[in-house]
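A short worksheet on the structure shown next.
Positions are given from 1 along the sequence. Note that the structure is a prediction, hence the values are computed from the model and not measured.
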Amino acid sequence: MMAMAIVAGSAVGRAQAALPLDALENRILLCHATGLSRVQLITQAERALSAAEADHLNDLVRRRLDGEPIAYLVGRREFFGLDFAVSPAVLIPRPDTELIVELALERLPAQGRLLDMGTGSGAIAVSVAHTRPDAAVSALDVSAAALDVAQANAAHNGARVRFLQSDWFAALDTDEKFELIASNPPYIAAGDAHLAQGDLRFEPASALTDHADGLSALRTIVAGAAAHLVPGAWLLLEHGYDQAAAVRALLQAQGYSEVQSWRDLGDIERVTGGQAPA
């Protein structure tokens, strides 16, 4: 708990020193509560906090001490060099997911069509569309609230993305084809202890777990993707730390070629993919 609440009239510099979080989180929350930049925290260190700023800061710190993620408190998260809005309607984009963006960008041909399945905040789709304005990027999610966030992120980052509300492939035309499909679906098994720990406690459960064995969404995508991929097109799937072999087996069973897994920054097999059969 907070040892002492910050009061109106406190100097910015003294308030920052008195906050109970680590230095980076203290600075982030103080900037958010006051609207000051990092540089202004230094140049305006003697500026007095207003009552509204002090109340806001105290509320932010209390919520952070209760475990609420910083990204939800400030409503933003950086991903692939872009600024994304986040809310409890979507997962917080994580650096590990930048791997699937990099792999997609390497494999998407000029003027290629890409589909991001279960887009959430739009992190994958918006990052690809921003980097490759020549591409025709589509993104779908079953959650209308998530799509609202994703559409705002596309607009904010000047990315052209077509959004669809869809339960996986349901809203796609039967003959619609793509040169690449990418997905970061729910892959945590029901009852996994991680769901009750850290940031995951505050993130949308439906975006984290399939409420089954952790592979059901991945099975659905692998089973249906080939019908929407041109021959030889790539399917790229993010998955859990211990699921790479299972996902490779799913792809091989469906006739995908060049099946392989790639490791994230933590040296964990995080993305698995293959090329669609003819």
Report task. In sequence, state the C-alpha distance, the side-chain angles, and the governing distance for D22 and E25, and then conclude on side chain to side chain contact (heavy atoms under 4.5 Å, CB included). Result -> CA-CA 6 Å; D22 67 50; E25 292 190 351; 3.5 Å; yes

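- We find that E102 and R107 are not joined by a salt bridge, their nearest charged nitrogen and carboxylate oxygen being 4.0 Å or further apart.
- With hydrogens and angles ignored, the 3.5 Å screen pairs a side-chain donor or acceptor of Y256 with a backbone N or O of A226.
- Side chain of N58 to main chain of A5: no donor-acceptor pair is present (N/O by atom type, distance under 3.5 Å, no hydrogens or angles).
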Requested in this report: Carefully, step by step, assess D192 and T209 under the rule side chain to side chain contact (heavy atoms under 4.5 Å, CB included).
Outcome: CA-CA 9 Å; D192 189 298; T209 177; over 6 Å; no

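- At least one donor-acceptor pair closer than 3.5 Å links the side chain of N157 to the backbone N or O of N153.
- Inter-residue side-chain proximity for V86 and L91 is flagged as unmet; no heavy-atom pair is nearer than 4.5 Å.
- Salt bridge R94/D96: absent, no basic N to carboxylate O contact under 4.0 Å.
- In this structure the side chain of L29 never reaches within 4.5 angstrom of the side chain of L19, judged on heavy atoms.
- In this structure, the side chain of D141 engages the main chain of T119 through a donor-acceptor pair within 3.5 Å.
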Report task. Would you sort out whether I181 and M117 count as a side chain to side chain contact (heavy atoms under 4.5 Å, CB included), showing the intermediate values? Result -> CA-CA 7 Å; I181 294 176; M117 302 190 70; 3.7 Å; yes

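- L82 belongs to a hydrophobic cluster whose remaining members, ordered by chain and number, are F79, F80, F84, L99, I100, V101, L103, L105, L108, L114, I124, V126, V128, V137, L147, V161, F163, L180, W234, L236, W262, V271; membership requires side-chain heavy atoms of ILVMFWY residues under 4.5 Å apart, directly or through intermediates.
- Members clustered with V142: none, using a 4.5 Å side-chain heavy-atom cutoff among hydrophobic residues.
- For the pair R77 (side chain) and P93 (backbone), a donor-acceptor distance under 3.5 Å is present.
- Of the N and O atoms on the side chains of R113 and S138, not one donor lies less than 3.5 Å from an acceptor on the other residue.
- Remark: the backbone N or O of P133 is paired with a side-chain donor or acceptor of R160 at under 3.5 angstrom.
- In this structure, D116 does not pair ionically with R162, as no charged nitrogen and carboxylate oxygen lie closer than 4.0 Å.
- E238 and T97 share a donor-acceptor pair across their side chains, judged by distance under 3.5 Å alone.
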**Report entry** Verdict with supporting geometry, R27 and Q16, side chain to side chain contact (heavy atoms under 4.5 Å, CB included)
**Finding:** CA-CA 7 Å; R27 175 170 56 78; Q16 185 173 6; 3.8 Å; yes

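- Of the charged side-chain nitrogens involved, at least one lies within less than 4.0 Å of a carboxylate oxygen, so that E46 and R14 count as a salt-bridged pair.
- Judged purely by atom type and a 3.5 angstrom limit, D264 uses its side chain to pair as donor or acceptor with the backbone of D267.
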Only pairs under 3.5 Å count here: list side-chain donor-acceptor contacts from residues 65-75, not counting sequence neighbours, and write none if there are none.
| unit_1 | atom_1 | unit_2 | atom_2 | d |
| --- | --- | --- | --- | --- |
| E68 | OE1 | R63 | NE | 3.1 |
| E68 | OE2 | R63 | NH2 | 2.8 |
| Y72 | OH | V90 | O | 2.6 |

Requested in this report: Mind running salt bridge (charged side-chain N to carboxylate O under 4.0 Å, His left out) on R270 and E98 for me, showing each step along the way?
Outcome: CA-CA 11 Å; R270 182 62 64 188; E98 294 187 356; over 6 Å; no

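- The main-chain N or O of I6 is never found under 3.5 Å from a side-chain atom of S10 such that the two would form a donor-acceptor pair.
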